[in-house]
Amino acid sequence: MTTSEHHHITILGSTGSIGCSTLDVVAQLGGRERFVVEALTGNGNIGLLCEQARAAGARLAVTADEGRYLELKSALAGTGIAVAAGPSGLQEAAARAADWVMAAIVGTAGLAPTLTAARRGADIALANKECLVSAGALFVRTVAEGGGRLIPVDSEHSAIFQALEDDQRHALERIVLTASGGPFRTWSREAMAGVTAEIARAHPNWSMGLKISIGSASMFNKALEMIEAKHLFDVAPEQIEVIVHPQSIVHSMVGYTDGSVLAQLGAPDMRTAIGYALTYPARPALDVERLDFAKLARLDFEAPDEVRFPALRLARTALTRGGLQGAAMNAAEEVAFEAFVAGRIGFLDMADIAETVMERMIDWPAAEDMDAVFAGDAAARRFAAEAIGTRAAA
C-alpha cells in the first residue's frame, strides 16, 4: 500500500481497547487522507461509537445492541453515516467492501461476522481469540478459501508472526509464548481464593478491558493463546511453551532446530502490533515508546505454576483431546467469568467450572460448520450454568 492509495478498512469492535488503539494508529498514519473507514461496530457505548464514526468519516456505524438502534440513529442524524444494529448489523458491517478488517469483538459474538469478512477475501487482523479457539480448523480453512491473509494482532502471536521466517518453517522447533503472570503472579492459591473482580482487573503492565484483564489475571487468556497458536502456526501441542516474563518486554519467541531463538521486543503497547498488521509487510512509523535498554536493567523469566493457574493445564488437555474441547473451555470460561464478576462464584472456581464442562463434552467431535460450533458453544454454556448453579446452591 502506498500513501497515494486509499485503504478500505472496517473495525469490528471499535469501542474496545483494541478498536480505540486501531483508530489511533489509523489517525497517525494519515487518517482520511489514506484510509476509508467502511464500518465501525460497538456495543453499548453509543457516545464513543458516534464520536469515532464522525471523526473517522465512517460509512456505517453499528451497535450490537438492537435495543440501542434508535439512540444511535438519532445521534448520527444528518451526518450521512448509515446505521444498523444487532447481529444482522454486524453481518452488514463485515460484508462491506473493506480489504482489511480488524476483528476485535470480544467473545463468540465476533465469530460469525469475522467469518463473513473472511469468506469474501478480506485480510483479517485477528484480535478475537474465540475465532480460533472455538472454530480453529474451520476458521483457518475459511480464510484460505476466501483468499485473504490472517494476521495476528495479539502481542504474543504478532511477535511469533514476525519472528517466524517463512523459508525456515522446516527448522521450527518450538514457539514460546510469554506471559506477564498478571497481578497474582506471586500470590498463594489460598490468597487468590478471596480475590474480587475489582482486584483482578488491575493488570500491572497493560491497559485492557475488564474481560481481558481478568483473563490475564487467571491466565485463561494465555491458555486460549496456546490453542490459537496451534491453528495460527500449524504446530503440534508439544511445540508450544509458556514462560512467565513479568516485564512484558519480550512479547514471544521462536526456537529453531539449530538452537537459535528469535524474539520480538517492544514496549507494552498494542499499537505496535496493530500498525504492523495494518501495513504488513511494511513497518509503519509510529509514535510509540522506544525501549531504553540501559533503563531496563533486567529481564526475568520463570516457569508458570499450573497448580495456581490451572487454565494452562486445561489448554494442554484441550489441545491433546481435540474435538470441541477448545470451544467447551472458552464458552464455559465466559459464563464463569460473568458469574465471578456478579459475585456468584470465586476467582478459582472459574477453572473448575471450565474443567467440569470439558469433561462433559470430551466425546464431542470437531465442528465441520458454523451450526456445529454454535451448538457446541450453546451446550457448553448450558453445562456451565448448571455447574455454577450447583456450586452456588452447595
| Do the rings of His7 and Phe35 sit parallel, tilted or perpendicular, given the 30° and 60° boundaries? | tilted
Under a 3.5 Å cutoff, is there a donor and acceptor pairing between the side chains of [X] and [Y]?
| X | Y | answer |
| --- | --- | --- |
| Thr63 | Asp65 | no |
| Glu38 | Thr10 | no |
| Asp24 | Gln28 | yes |
| Gln162 | Ser158 | yes |
| Thr116 | Gln91 | yes |

Do [X] and [Y] come within less than 4.5 Å of each other through their side chains, counting heavy atoms only?
| X | Y | result |
| --- | --- | --- |
| Gln239 | Glu173 | no |
| Leu76 | Arg54 | yes |
| Lys211 | Val341 | no |
| Arg185 | Ser180 | no |
| Ile9 | Val101 | no |
| Met270 | Ser17 | no |
| Met350 | Ile345 | yes |
| Val176 | Val254 | no |

With sequence neighbours left out, the residues meeting salt bridge (Lys or Arg N to Asp or Glu O under 4.0 Å) with Asp99 are none
Lys230 meets the salt bridge (Lys or Arg N to Asp or Glu O under 4.0 Å) criterion, sequence neighbours left out, with none
Check your understanding: Taking it one step at a time, do Gln264 and His251 satisfy side chain to side chain donor-acceptor pair (under 3.5 Å)?
Key -> CA-CA 6 Å; Gln264 187 266 337; His251 294 150; 3.1 Å; yes
Starting from the C-alpha separation in whole Å, work towards a yes-or-no answer on side-chain contact (heavy atoms from CB on, under 4.5 Å) for Leu60 and Arg96. CA-CA 9 Å; Leu60 172 68; Arg96 292 185 72 95; 3.6 Å; yes
So does Arg298 have more than 12 non-hydrogen atoms from other groups sitting under 6.0 Å from CZ?
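No.
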Assess the residue pair Thr257 and Arg174 against the criterion (side chain to side chain donor-acceptor pair (under 3.5 Å)); give the C-alpha distance rounded to whole Å, side-chain angles, the decisive distance to 0.1 Å, and a yes or no. CA-CA 9 Å; Thr257 51; Arg174 58 179 174 150; over 6 Å; no
- Message: Applying side chain to side chain contact (heavy atoms under 4.5 Å, CB included), can you list everything that pairs with Pro87, at least two apart in sequence or on another chain?
- Response: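 Counting only residues at least two positions away or on another chain, Pro87 forms a side chain to side chain contact (heavy atoms under 4.5 Å, CB included) with Glu66.
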Under the side chain to side chain contact (heavy atoms under 4.5 Å, CB included) rule, collect the residues that match up with Glu355, sequence neighbours excluded.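 Here the qualifying residues are Arg313, Leu314.
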Work out which heavy atom in [X] is nearest to a heavy atom in [Y]; give both atom names and the distance.
| X | Y | result |
| --- | --- | --- |
| Ala229 | Ile175 | CB-CD1, 3.6 Å |
| Gly13 | Ile105 | N-CG1, 3.7 Å |
| Trp100 | Ala277 | NE1-O, 3.0 Å |
| Gly326 | Val133 | O-CG1, 3.3 Å |
| Leu49 | Leu72 | CD2-CD1, 4.0 Å |
| Ala93 | Val62 | CB-CG2, 4.1 Å |

Worksheet entry | Partner of His157 by side chain to side chain contact (heavy atoms under 4.5 Å, CB included), out of Leu132, Leu177, Leu126 |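 Of the listed options, the one satisfying the test is Leu177.
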Flag the pair [X] and [Y] as a salt bridge only when some basic side-chain nitrogen lies within less than 4.0 angstrom of an acidic carboxylate oxygen.
| X | Y | result |
| --- | --- | --- |
| Asp352 | Arg391 | yes |
| Glu359 | Arg321 | yes |
| Glu156 | Lys222 | yes |

Problem set entry | Within residues 304-350 or reaching into it, pairs that qualify as ring pair (Phe, Tyr, Trp, His ring centres under 6.0 Å) - sequence neighbours excluded |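 Counting only pairs at least two positions apart or across chains, the ring pair (Phe, Tyr, Trp, His ring centres under 6.0 Å) contacts touching residues 304-350 are Phe184-Phe347, Phe340-Phe347.
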Residues passing the ring pair (Phe, Tyr, Trp, His ring centres under 6.0 Å) test with Tyr276, sequence neighbours excluded, are Tyr280
